[in-house]
Amino acid sequence: MSGRIVETEAYPPGDSSGHAYRGRTARNQSLFLGTGFAYVYFIYGTSYMLNVSAEEPGVGAGVLMRAIEPLEGINRMKRLRKTDKLTDLARGPGRLAAAFEIDQRLDGVDLCADGPLWLGTAVRETASIGTTVRIGITREVGQLRRFFESGNPFVSGPRQREKKSSGLP
DNA sequence: AAGAAGATTCGCT
DNA sequence: GCGAATCTTCTTA
């Protein structure tokens with residue numbers, strides 16, 4: 001199975017909405033391994049989330065994978081997700097994890113090495129990148145840290161760059 | 001030791 | 001649109 005990452009959110013060091021904010025724990029230790037490791041956790045009793053760690057070893061930071069455009073193994077993803085709708089296979093962080101059979105066993109995996117899950121380089125030019133506030137968080141709401149390919153149908157939530165609001169001070 | 005909140009999804013209305 | 005499902009962690013007593 002494979003796909004193109006089309007939507008992400010950044011959780012940089014010192015971001016109070018990030019899981020690494022209150023220091024290293026048993027659950028979030030993968031965020032402190034260095035750059036390019038998987039951080040997988042379970043939330044709401046229903047969904048797994050996949051992050052890619054960032055920054056140097058000892059620094060807690062990561063990028064949440066929010067949506068993927070499926071490329072290979074689509075039939076398998078349809079079975080895993082129990083839907084035939086192409087755009088619903090990996091649109092959303094929990095769905096993405098389900099489509100790729102990602103769970104806590106993949107926590108801590110080096111995504112830049114040979115293994116069960118890895119990151120490759122772009123297979124096709126990316127269209128323009130849109131930016132909005134992050135989804136589903138309550139802190140640091142003013143930050144534009146969600147990034148996605150503009151207009152891509154596999155993106156969850158708003159698909160166009162957030163408009164400059166006219167009414168704010 | 002108990003409770004609330006959370007980077008969500010699904011099913012029903 | 002709204003609420004339930006249901007696990008882990010951190011906070012409060």
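As the structure is a computational prediction, the values presented were derived from the model and not from experiment.
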Q: Provide the Watson-Crick or G-U wobble partner of B:dA7, both distances under 3.5 Å; none if there is no partner.
A: none
Q: Is a side-chain donor or acceptor of A:R95 paired with a backbone partner of A:R91 at a separation under 3.5 angstrom?
A: yes
Q: Between C:dT6 atom P and A:I43 atom CD1, what is the distance in whole Å?
A: 16 Å
Q: Verify the stacking flag for A:Y11 against B:dA7: centroid separation must be under 5.5 angstrom and the ring planes must differ by under 30 degrees.
A: yes
Q: What is the separation between atom CG on A:L64 and atom C1' on B:dG6, rounded to the nearest whole Å?
A: 13 Å
Q: Is there any protein nitrogen or oxygen under 3.5 Å from a nitrogen or oxygen in nucleotides 10-13 of chain B, and what are the pairs?
A:
unit_1 : atom_1 : unit_2 : atom_2 : d
B:dC10 : OP1    : A:R81  : NH1    : 2.8
B:dC10 : OP1    : A:R81  : NH2    : 3.3
B:dC10 : OP2    : A:R95  : NE     : 2.8
B:dC10 : OP2    : A:R95  : NH2    : 2.8

Q: Round to a whole Å and report the spacing from CD of A:E140 to P of B:dA7.
A: 12 Å
Q: Are A:F148 and A:I137 connected in a single hydrophobic cluster, I mean Ile/Leu/Val/Met/Phe/Trp/Tyr linked by side-chain heavy atoms less than 4.5 Å apart?
A: no
Q: Distance between the P atoms of B:dA7 and C:dG1, in whole angstroms?
A: 23 Å
Q: Checking the side chain of A:N51 only, and the main-chain atoms of A:S53 only, is there a donor and an acceptor separated by less than 3.5 Å?
A: no
Q: Check whether NZ of the Lys or CZ of the Arg A:R134 lies under 6.0 Å from the centre of the six-membered ring of A:Y11 and within 45 degrees of that ring's axis.
A: yes
Q: Rounding to an integer number of Å, can you tell me how far A:Y44 OH sits from C:dG3 C1'?
A: 14 Å
Q: Should C:dT6 form a Watson-Crick or G-U wobble pair with both distances under 3.5 Å, which nucleotide is its partner?
A: none
Q: For A:Y39 and A:Y41, I'd like to know if the aromatic rings sit close, meaning centre-to-centre distance below 6.0 Å.
A: yes
Q: Has A:F42 got more than 12 heavy atoms of other residues, nucleotides or ligands less than 6.0 Å from its CZ?
A: yes
Q: Within the structure shown, what part of the strands sits under 4.0 Å from A:T25 by heavy-atom distance: base, sugar-phosphate, or nothing?
A: sugar-phosphate
Q: How long is the gap from OG1 on A:T131 to CZ on A:R161, to the nearest 0.5 Å?
A: 4.0 Å
Q: Quick test: give all pairs of protein nitrogen or oxygen and nucleotides 11-13 of chain C nitrogen or oxygen below 3.5 Å, distance rounded to 0.1 Å.
A:
none

Q: Does any N or O donor sit under 3.5 Å from an N or O acceptor when you compare the side chain of A:T46 with the base of B:dT8?
A: yes
Q: Counting any heavy atom closer than 4.0 Å, what does A:R27 reach on the DNA or RNA strands: base, sugar-phosphate only, or nothing?
A: sugar-phosphate
Q: In whole Å, I'd like the distance from the CG atom of A:N28 to the C1' atom of B:dA7.
A: 13 Å
Q: Atom OG1 of A:T132 and atom CD of A:E9: how far apart are they, to the nearest 0.5 Å?
A: 7.0 Å
Q: Can you check whether A:F42 stacks with the C:dC7 base, using ring centres under 5.5 Å and planes within 30°?
A: no
Q: Less than 4.0 angstrom between a side-chain N/O of A:T138 and OP1 or OP2 of B:dA5, yes or no?
A: no
Q: In whole angstrom, give the distance that lies between atom CD1 of A:I137 and atom P of B:dT8.
A: 9 Å
Q: Between B:dG6, C:dT9, B:dT9, which nucleotide has the shortest distance from any of its atoms to the side chain of A:S47?
A: B:dT9
Q: CZ of A:R24 versus C1' of C:dC10: gap in Å, rounded?
A: 19 Å
Q: Report yes or no: do A:S16 and A:E140 form a side-chain donor-acceptor pair below 3.5 Å?
A: yes
Q: Apply salt bridge (Lys or Arg N to Asp or Glu O under 4.0 Å) to residues A:R139 and A:D15 and explain how you reach the verdict.
A: CA-CA 9 Å; A:R139 281 184 269 244; A:D15 187 326; over 6 Å; no
Q: Over how many whole Å does the gap from A:Y41 atom OH to C:dT6 atom P extend?
A: 19 Å
